[in-house]
Novice: 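One structure is given below, represented as structure tokens, and several questions about it will come after.
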Amino acid sequence: MKKITLYLLVATSTLFASNGFEGCKELKLSESKSMISCPSGDYEVTYETKREQRDLVAAPTVVKVGEAPKQIIQYITNK
């Protein structure tokens, strides 16, 4: 259980370490909450705050809010 928790901590901190998300857009709701829209889905990110600023050392809490729709492939044939 400790290994899984450690892995998730490292993975989320690595994922959100940079300010730019590849192909994602961040909507900052407040200093401690953001909504991130990615091609894979929408995520709600909650940061801890220290002195009314984001604590970038602590790992944020990430909750998947919505799933991206599956790609629809339509095959059209000429008659």
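Atoms considered below: every heavy atom in the structure, side chains included; atoms not considered: hydrogens, waters and symmetry mates.
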Novice: Please evaluate residues Glu26 and Ser34 with respect to the criterion side-chain hydrogen bond (donor to acceptor under 3.5 Å, both in side chains), reporting the C-alpha separation (whole Å), side-chain torsions for both, the decisive distance (0.1 Å), and the verdict.
Specialist: CA-CA 7 Å; Glu26 179 181 7; Ser34 291; 2.9 Å; yes

Novice: State plainly whether one hydrophobic cluster holds both Leu29 and Val65, where clusters connect Ile, Leu, Val, Met, Phe, Trp and Tyr through side-chain heavy atoms under 4.5 angstrom apart.
Specialist: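 As far as the 4.5 Å side-chain criterion goes, Val65 and Leu29 are connected within one cluster.
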
Novice: Tell me, which pairs form a salt bridge (charged side-chain N to carboxylate O under 4.0 Å, His left out) where one or both residues lie in residues 34-47, sequence neighbours left out?
Specialist: Lys33-Glu44

Novice: Can you find a heavy atom in the side chain of Tyr75 that is under 4.5 Å from one in the side chain of Ile73?
Specialist: yes

Novice: Going from NZ on Lys64 to OG on Ser40, what distance comes out if it is rounded to the nearest 0.5 angstrom?
Specialist: 5.5 Å

Novice: For Pro39 versus Gly23, what's the shortest heavy-atom pair and its separation?
Specialist: CD-O, 3.3 Å

Novice: Could you grab the distance from atom NZ of Lys50 to atom OG of Ser32, nearest 0.5 Å is fine?
Specialist: 14.5 Å

